[in-house]
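Take a look at the structure set out below.
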Amino acid sequence: MKPFHIFNSLTRAVEPFMPLDTSPTPTATFYSCGPTVYLPQHLGNMRAYVFVDTLRRALEFNGYTVRHVMNITDVGHMTSDEDAGEDKIEKTARAEGKSPLEVANFYIAQFKRDCAALNIALPIDAVPDAVAHPPQSALCRATDNIPAMIGVIEQIAAHGYAYTTPSGVYFDVEKWRGPSGMGRLSRQSLSEQHAGQRLEHSADKRSPHDFALWVLNQPHHMMQWDFPGIGRGYPGWHIECSAMSMRYLGETIDIHSGGLDHIPVHHENEIAQSESATGHQFVRYFVHNAFLTGMAGAKISKSAGRFPVLDDLVEEKIHPLAFRLLCLGAKYRSELAFSIDAVRAAEKNLNYLNEFVRCLQPRVIANAHDAAWAGAYEERFHEAMNNDLNTPQALAVALELVAAAYRQNDHRIWHTLRIFDMVLGLDLEGRIKEIAKGVFPPRINRLMTEREKARAAKDFKRSDELRAEIELSGYEVKDTKAGMVVMPKRVAP
RNA sequence: GGCGGCGUACCCAAGUGGUUAAGGGAGAGGUCUGCAAAACCUCGAUUCGUCGGUUCGAUUCCGACCGCCGCCUCCA
């Protein structure tokens with residue numbers, strides 16, 4: 001089996017993944033750019049988190065212990081330039097008459113709920129003051145890590161790559177780019193960029209490329225902290241990722257993920273900050289996901305005029321995991337054209353897998369060994385996942401496996417399928433548990449009994465009426481050889 | 001102006017320098033079924049935006065062109 005391979009934006013090549021830790025049971029460190037919590041995360045955002053989750057699962061599939069950190073941006077992300085714009089969180093807070101903390105908490109809760117619905121496993125919340133023993137993995141908030149940011153800024157300043165002005169502390173890009181080759185990631189030399197051409201920038205900056213590490217003298221900004229020796233203010237956007245990545249995972253990490261849009265500015269700046277502070281490599285593998293497109297034109301009930309969110313799908317009676325499956329149907333580095341029809345098509349696949357699992361005999365599930373022929377599928381699946389996360393192919397293998405089981409009338413593939421699902425995250429096991437419960441509300445039980453009677457009496461008119469009634473209550477009704485099957489529709493999580 | 005990407009059947013979407021270009025959805029026909037659903041079987045691109053070039057051979061490499069898109073300003 002080929003080792004895990006991943007496309008590294010630093011080299012623009014698919015490379016074998018070699019973590020820093022070369023022990024027999026290696027750990028991989030993984031930092032993901034997380035949400036800015038001032039609006040609901042739209043489906044494009046969620047695609048990125050499905051990607052992050054899939055990558056984490058693929059690493060674990062390959063035997064790595066993953067230390068995963070995701071940040072939550074709850075301060076410092078401005079609507080335009082660092083010094084000209086408005087803080088996104090505060091803008092929403094003012095609009096809604098809430099405090100920034102309330103806004104952040106509200107959207108964090110929503111984000112977590114959406115991730116849960118998509119079966120995205122987030123790292124546990126970081127305890128704010130666990131300075132002495134930072135956790136191995138963490139979901140961490142920028143506002144809980146201000147001291148760490150100040151520490152990195154001080155390091156940068158100590159190495160001479162920061163300067164302080166009345167409006168803030170800036171990173172000296174001109175000074176840094178010589179030794180660093182800044183622009184490697186985006187393949188853009190600074191002279192080729194038109195930075196500052198289309199927007200006002202602070203007169204304090206020595207160069208329009210410079211960016212704020214710490215912003216000073218913004219009395220209207222609600223969230224402010226003391227920077228000893230510098231003054232009261234708040235951090236620039238990029239510094240949080242450098243600081244939290246280093247704090248929780250170390251000065252050099254294995255993988256750093258984010259959207260393609262982060263390459264030219266955010267990640268270039270992160271590299272500059274981190275490497276000027278520590279003097280050595282910040283990230284070994286940068287991975288970037290492509291966008292979900294076509295959302296603006298997607299005609300979903302409530303989404304007119306904005307990007308659709310997961311709730312819009314639920315409103316259309318589409319299960320969230322159908323969206324996850326849609327994402328898996330395209331490579332993470334390819335744009336994926338979103339449409340309601342595309343999600344519905346994905347939902348068919350989800351139902352197909354669920355239906356197979358539902359029909360499995362308990363003794364097949366309990367059986368410790370799968371049919372011998374399933375092994376070839378597992379190999380193909382692993383191969384696909386290790387080839388730069390080729391989820392479309394892996395998914396095809398899973399579907400082919402199920403089709404082969406049907407065709408050969410040999411259903412002994414549950415363990416293989418469960419292994420696939422540990423990577424795909426479609427919660428097939430949850431489906432089995434759900435079915436095992438088999439408990440229905442009294443009203444549904446009554447309707448079921450009545451319908452069985454009607455069918456036995458060949459009163460099909462009544463039978464069809466009862467089916468319609470049961471379905472209206474959110475259940476599916478199927479007549480099989482073994483009799484009537486009623487199950488909850490998989491809509492709301 | 002600069003950087004980057006994409007164009008594969010009605011739709012979504014993999015893939016490869018050379019035997020039949022994955023998989024799914026939709027569609028057509030059939031089996032099964034009280035009906036429906038599910039499942040199964042069969043069919044479906046002589047062709048990979050266009051035109052050139054390299055090659056014994058290109059959808060895959062190179063060039064030009066056309067079309068679409070992202071970024072260079074916040075953005076997954």
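Basis for what follows: all heavy atoms, side chains included, without hydrogens, waters or symmetry-related copies. First the proteins, then the strands, lettered A, B, ... as listed; each starts at 1.
- Side-chain atoms of A:Phe51 and A:Ser257, non-hydrogen and from C-beta on, do get closer than 4.5 Å to each other.
- Among the protein residues, A:Arg462 comes within range of no part of the nucleic acid, since none of its heavy atoms lies under 4.0 Å from any strand.
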Per-nt protein contacts along nucleotides 8-16 of chain B (heavy atom under 4.0 Å; B base, S backbone sugar-phosphate only, - none) come out as ----SSSS-

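- Rounded to the nearest Å, the gap between the C1' atom of B:G63 and that of B:A58 is 15 Å.
- No engagement by A:Arg333 is indicated, since no non-hydrogen atom pair under 4.0 Å with the nucleic acid exists.
- Note: CG (A:Leu292) to P (B:G70) measures 13 Å, nearest angstrom.
- Side-chain rings of A:His256 and A:Tyr285 stay apart, their centers remaining 6.0 Å or farther from each other.
- Residue A:Glu400 is in sugar-phosphate contact alone, with no base atom involved, counting any heavy-atom pair closer than 4.0 Å across all strands shown.
- Between the P atom of B:G23 and the CG atom of A:Leu350 lies a distance of 20 Å, rounded to the nearest Å.
- Ring centroid separation for the pair A:His288 and A:His262 does not come in under the 6.0 Å cut-off.
- Contact annotation for A:Ala345: backbone-only contact, meaning every heavy-atom pair under 4.0 Å involves sugar-phosphate atoms and none involves a base.
- Using cut-offs of 30° and 60° on the angle between ring planes, the pair A:Phe286 and A:His267 is tilted.
- Of the C1' atoms belonging to B:G18 and B:U47, the separation is 16 Å, rounded to the nearest Å.
- Nucleic acid contact class of A:Tyr352 (heavy atoms, under 4.0 Å, all strands): sugar-phosphate only.
- At whole-Å resolution of the value, CZ in A:Arg467 and P in B:U33 are 16 Å apart.
- Nucleotides B:A9 and B:C43, compared at atom C1', are 14 Å apart to the nearest Å.
- The side-chain ring of A:Phe291 is stacked on the base of B:A76, judged by centre separation under 5.5 angstrom and plane angle under 30 degrees.
- Of the residues A:Asp114, A:Asp53, A:Asp427, A:Asp421, the one that meets the salt bridge (charged side-chain N to carboxylate O under 4.0 Å, His left out) test with A:Arg324 is A:Asp53.
- In this structure, A:Glu355 atom CD and B:C40 atom P are separated by 11 Å, rounded to whole Å.
- Exactly one residue among A:Thr73, A:Asn71, A:Asp74 makes a side chain to side chain donor-acceptor pair (under 3.5 Å) with A:Arg141. That residue is A:Asp74.
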Note, RNA chain B 5' to 3' with Watson-Crick or G-U pairs under 3.5 Å encoded as ( ), [ ], | and . gives (((((((..(((.....[....))).(((((.......))))).....(((((..]....))))))))))))....

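- Each of A:Ala396 and A:Gly259 lies near RNA chain B, and the nucleotide nearest A:Ala396 is the one positioned closer to the 5' end.
- Atoms CG (A:Leu260) and P (B:C72) sit 12 Å apart, rounded to a whole Å.
- Aromatic pair A:Tyr38/A:Tyr107: ring centres not closer than 6.0 Å.
- Looking at heavy-atom distances under 4.0 Å, A:His42 makes contact with a base.
- Rounded to a whole angstrom, the distance from the P atom of B:C48 to that of B:C11 is 16 Å.
- When heavy atoms are screened at a 4.0 angstrom cut-off, A:Arg455 is found touching base atoms of the nucleic acid.
- Residue contacts shown for A:Lys458 are absent, as no nucleic acid heavy atom lies under 4.0 Å away.
- Positionally, the nearest nucleotide of RNA chain B for A:Leu395 lies more toward the 5' end than for the other of A:Arg451 and A:Leu395.
- Rounded to a whole Å, the CG atom of A:Asn289 is 17 Å from the P atom of B:G5.
- Across B:C74 and B:A13, the matching C1' atoms stand 31 Å from one another, rounded to whole Å.
- The aromatic ring centres of A:Phe61 and A:His382 sit less than 6.0 Å apart.
- The nearest whole Å value for the distance from the CG atom in A:Leu424 to the C1' atom in B:G24 is 14 Å.
- The side chain of A:Tyr49 approaches B:A76 more closely than any other nucleotide in the set B:A26, B:A76, B:G34.
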